[in-house]
Amino acid sequence: MLDLKFIRENPEAVKRGAQLKNMTVDVDRLLELDARKRHVQSTLQELQTEQNKASKELGPLMGQLKKEQDPAKRAELEAKAEALKTRPSAIKADMIGLEELIRTLDPDIEQLLLTMPLPPDDDVPIGKSSEDNVETFKWGTPRQFDFAPKTHLELGKSLGLFDLDRGVKMAGSRSYVLTGAGAMLHQAVLRMAQDFMVFEQGFTPMAVPVLVKEAAMRGTGFFPAGREQAYRVGEVEERDEDVRYLTGTGEVGLTAFHMDEILSEAELPRMYVTVSTCFRREAGTYGKDTTGLYRIHQFDKVEQVVICRNDKEESKHWHRKMLSFSEEMLKRLGLPYRLLQCCTGDLGVKNASMIDVETWMPSRNGYGETHSASRLYDFQARRCNLRYKTADGKMHFCHTLNNTVIASPRILIPILENHQNADGSVTIPEPLRKHMGGMERIEPGK
RNA sequence: GGAGAGAUGGCCGAGCGGCUGAAGGCGUCGGUUUGCUAAACCGAUGUACGGGGUAUCCCCUGUACCACGGGUUCGAAUCCCGUUCUCUCCGCCA
C-alpha cells in the first residue's frame, strides 16, 4: 500500500509508476474522494469539539445537582443543565449524518488505495511484458548430450518417479503423485535448501499456516489483485469471517507473522525461512505448460523472507544477498541458470524490483523460471501495519523482501534432465545424497 | 458440541455514565546525587488522522482510539446487542 499522503503530494509519480507497470488506476478519483472525506471529517471534528465543550461544563454541573438538596437551587441548576444540553442535541443529527457519509466514503478509498501499485525503481528497465526482461548474468554451460536426452516426463516414467495419470484421476488437471525415489528426491531438495538457510545462513526456520484469513492475503499484497489465483475455503453461505484462503507461497505466513506489530530496531533484520505447500489456481493459464511438473496446482517451496529497516540501500543489499542464496542452491546442484532483471511491465503491484532466476531445462531447450526475488520496500509492511521503533522512539514501517530458495517438484525437471545418463539412469547431485540414504544414482528397474 | 469467565496503554493492574487518554505499580528514557556500579529522589514516557505554524523528521491545536462492530444517552472504558479471540470445566475425537 502506498502512503496516501505520498499520493496526495506526488500524484504524477504514482500515475507514471502504474503506467510503467501496465496498470490502470484511478488516482484522480482517489484524491477526489480523499479530499471530500477530509472536508467532511473536519466539519465533523468541529461539531465534536462543541459537544465535548458542553460535556465538560455539564459534568460538574450534574455532580452538583446530585448533591443539592435545596429545591430552589435545584431548579436553577436543572435549568442551566437543560440550556447546556440544547446545542449538543441540536447538532446530533448532523453529526450522525456526517459519520454516515464518512462510512460510505471509507470503503471506496480503501479499495482504491489497495490497487495503487508501488512505482518501479529507477534502475528497472522499462518494458511491456516478460519479453522485455533483461538477462543480467549467466552461470554454467548447458550440457551437450552425446546421446538423445529424455525429458523429465520420460525419465519419470521409466524410473518410476511420479505418476501424473493417477494424480489427475484423484485431483484433476495439473496434479501429480511423486513416487518412490521421486518422492525422496523432492524431500531431499527441500531439506537441503532449508538446512542451507538455517545452518549456513542463520535464518530462523518456521512452520506457518497455509490456510489464512483475508487480512493476511491483503496484508501481503496478494489481494485484491490476485484473488482469482487463490483457492477459497469455506461454504458459499458462510460469513466472510469464516472464509480462509490457501496460500500460494510461504511468503504470506512469514510476512503476516508480524502483522500489526511494532518491532524494535534492535531485533531487525528478521530472517525467516519456511518450507510450505503452495496452492495456485493458475487461472488464465489454460493450455500453458500443460504437461509434466512445470505448472501445477500444488507444490512445496522453501521460501526466504527478510524484514529489515526502512532503508532503500539495506533493502537492495538484502535483495542481492537473498538472490545469492538461490544461486548457491543451483550451483550446488550443478544446474546452469541465468538471472533476469524483470522489466517494469512484468512487475506486480507490490514490487519495486524483481529478479527472476531461470534454470536450464534441456527438454525446453531453454531456461525456465524457478525463482523470483522481490524487493517491496515498505509496500507490504504498510498493508500489514508492520512497524518498528528506533532507539530514540521514532516509528517507521519496515521493509520486506522475499525470494524462493527452492521450489519442488519444478526444480526436479532440471535436476533429472541435466543429470541423466546414457543408460537411462540419473545421477543424484552430491548434496542431496545424504538425504536419500546415500543413494548416488536412480536406476531403472530399482 | 454443552456450561461458565474474561479481553483496559510496552507489561501488570484500578476504574460510581460526566472533571479519565485513562489511578497505582513495573519497565524504558532524561536529570540530580554518586569515585564506578547500585540505591534514592525528580521529571518524562501511546498511536492514528485532520488543521495551523517562517514546518521533511520540530512546535501548537483538534478529533478518534480501553478486543471488533453496532445501539442507548446531551455525554460511554463504564449500560445494551452482535461478532471475534482467550481461559476453565464437561463431552467427543486424535
Side-chain angles (χ1 to χ4, degrees), chain A residues 1-10 13 30-68 77-110 112-113 209 211-216 218-219 234 237-244 256-268 309-312 378 381-398:
Chain A
M1 183 161 64
L2 297 184
D3 184 3
L4 189 51
K5 218 180 283 174
F6 174 83
I7 302 176
R8 232 178 260 152
E9 286 160 12
N10 308 277
L30 173 64
L31 291 181
E32 185 206 314
L33 289 175
D34 170 53
R36 210 187 305 168
K37 179 189 165 177
R38 277 186 296 157
H39 179 253
V40 173
Q41 201 173 33
S42 65
T43 316
L44 175 62
Q45 283 190 6
E46 280 165 28
L47 295 181
Q48 283 168 329
T49 309
E50 278 194 61
Q51 188 188 68
N52 287 345
K53 269 187 192 146
S55 272
K56 282 247 153 70
E57 291 182 49
L58 250 170
L61 198 61
M62 297 304 279
Q64 276 180 41
L65 192 56
K66 257 179 210 160
K67 279 183 233 152
E68 188 56 65
L77 286 172
E78 267 168 30
K80 242 173 144 179
E82 283 312 311
L84 271 172
K85 284 181 193 173
T86 42
R87 182 61 186 159
S89 295
I91 59 179
K92 200 181 171 185
D94 289 345
M95 289 177 57
I96 290 172
L98 293 174
E99 279 167 12
E100 199 75 26
L101 195 51
I102 288 180
R103 228 176 289 168
T104 60
L105 249 29
D106 266 339
D108 290 348
I109 292 174
E110 175 82 4
L112 278 166
L113 196 53
L211 193 60
V212 302
K213 297 199 282 190
E214 167 106 19
R218 197 178 45 233
E237 299 301 326
E238 274 181 305
R239 296 160 309 138
D240 285 350
E241 304 90 74
D242 290 333
V243 172
R244 299 285 186 275
F257 181 66
H258 288 299
M259 194 160 58
D260 292 323
E261 288 186 27
I262 299 167
L263 306 173
S264 75
E265 188 174 21
E267 36 181 354
L268 297 177
R309 299 185 311 125
N310 193 310
D311 180 323
K312 280 200 171 192
D378 62 4
R382 280 182 183 279
R383 291 193 177 217
C384 273
N385 191 26
L386 165 52
R387 295 172 292 173
Y388 70 95
K389 217 181 221 175
T390 58
D392 57 345
K394 297 251 161 42
M395 201 81 91
H396 301 281
F397 283 102
C398 300

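Keep in mind that the numbers below use all heavy atoms, side chains included, and drop hydrogens, waters and symmetry copies. Throughout, a chain's letter reflects where its sequence line sits, starting with A, and its residues are numbered from 1.
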Study note, to complete from the structure: Which of B:G75, B:C58, B:C49 is nearest the side chain of A:Q51? It is B:G75
Exercise for review: Check the distance between B:C57's C1' and A:D3's CG and give it to me in whole angstrom.
Suggested key: 14 Å
Review point. Which whole number of Å gives the distance between the P atom of B:G71 and that of B:U88?
Key: 35 Å
Practice item. Give the rounded distance in Å between these two atoms: CZ of A:R36 and P of B:C49. Key: 22 Å
Review point. Hey, does A:D34 have a side-chain heavy atom less than 4.5 Å from the side chain of A:L112?
Key: no
Check your understanding: When you measure from the side chain of A:K92, which nucleotide among B:C57, B:U63, B:C74 comes out closest?
Key -> B:C74
Check your understanding: What's the CG-C1' distance between A:N385 and B:C49, to the nearest Å?
Key -> 14 Å
Study note, to complete from the structure: Nearest-nucleotide check on RNA chain B, A:Q48 vs A:K56; residue mapping nearer the 5' end is A:K56
Practice item. Tell me whether the OP1 or OP2 atom of B:C49 has a side-chain N or O from A:R8 closer than 4.0 Å. Key: no
Check your understanding: Among the nucleotides B:C49, B:C58, B:A48, which one has an atom lying closest to any side-chain atom of A:M395?
Key -> B:A48
Check your understanding: Considering only the P atoms, how many Å lie between B:C80 and B:G18, rounded to the nearest integer?
Key -> 16 Å
Point to revise | Stem segments of RNA chain B by first residue number [Watson-Crick or G-U, under 3.5 Å, at least 3] | key: B:1-7 with B:84-90, B:10-12 with B:24-26, B:27-32 with B:40-45, B:46-53 with B:58-65, B:67-71 with B:79-83
Review point. If you measure from CZ on A:R309 to CG on A:L268, what distance do you get to the nearest 0.5 Å?
Key: 8.5 Å
For residues 91-105 of chain A, tabulate all N or O donor-acceptor pairs below 3.5 Å that involve a side-chain atom, not counting sequence neighbours.
| from | atom 1 | to | atom 2 | distance (Å) |
| --- | --- | --- | --- | --- |
| A:T104 | OG1 | A:L101 | O | 2.7 |

**Study point:** side-chain N/O A:K5 vs B:C57 OP1/OP2, d < 4.0 Å
**Key:** no
Review point. What integer distance in Å separates A:D260:CG from B:C65:P?
Key: 19 Å
**Study point:** N/O (side chain, A:N52) to phosphate O (OP1/OP2, B:A64) under 4.0 Å
**Key:** yes
Check your understanding: Is A:D260 close to A:L386 at the side-chain level, that is, under 4.5 Å between some pair of heavy atoms?
Key -> no
Exercise for review: Sticking with atom P, work out how far B:G24 lies from B:U34, rounded to a whole angstrom.
Suggested key: 30 Å
Review point. Which of these nucleotides, B:U73, B:G50, B:G18, is closest to any side-chain atom of A:S55?
Key: B:G18
Exercise for review: Sticking with atom P, work out how far B:A76 lies from B:C65, rounded to a whole angstrom.
Suggested key: 8 Å
Check your understanding: Any ion pair linking A:E57 and A:K53 (charged N to carboxylate O, less than 4.0 Å)?
Key -> no
Exercise for review: For the side chain of A:K389, starting at C-beta, report the closest nucleotide among B:G75, B:U47, B:C58.
Suggested key: B:U47
Check your understanding: Is the shortest heavy-atom distance from the side chain of A:Q45 to the side chain of A:Q41 under 4.5 Å?
Key -> yes
Exercise for review: Would you give the length of the straight line joining atom CD of A:E261 to atom CE of A:M259, rounded to the nearest 0.5 angstrom?
Suggested key: 9.5 Å
Revision key, fill the gap. Nearest heavy-atom approach of A:A381 to A:C398 is CB-O, 3.1 Å
**Study point:** Whole-Å C1' distance, B:U84 and B:A14
**Key:** 26 Å
Review point. Between A:K53 and A:R103, which is nearer to the 5' end of RNA chain B once each is assigned its nearest nucleotide?
Key: A:K53
Point to revise | Whole-Å P distance, B:C29 and B:A7 | key: 31 Å
Point to revise | Straight-line distance of A:L113 CG to A:M1 CE, nearest 0.5 Å | key: 5.5 Å
Practice item. Measure from CD on A:E261 to C1' on B:U47 and round the result to the nearest Å. Key: 16 Å
Revision key, fill the gap. Taken to the nearest whole Å, CG/A:L98 to P/B:G62 is 20 Å
Check your understanding: Quick one: is B:A48 close enough that its OP1 or OP2 comes under 4.0 Å of any side-chain N or O from A:R387?
Key -> yes
Check your understanding: Rounded to the Å, how far apart are A:E50 CD and B:U61 P?
Key -> 20 Å
Check your understanding: Using the P atom in both, what is the distance from B:A23 to B:G82, to the nearest Å?
Key -> 32 Å
Practice item. Respond yes when some side-chain nitrogen or oxygen of A:R38 is under 4.0 Å from OP1 or OP2 of B:G51, and no when none is. Key: yes
Check your understanding: Taking atom P in both B:G9 and B:G69, what distance in whole Å separates the two?
Key -> 15 Å
**Study point:** Atom pair distance, as rounded to whole Å: CD in A:Q41 and P in B:A48
**Key:** 15 Å
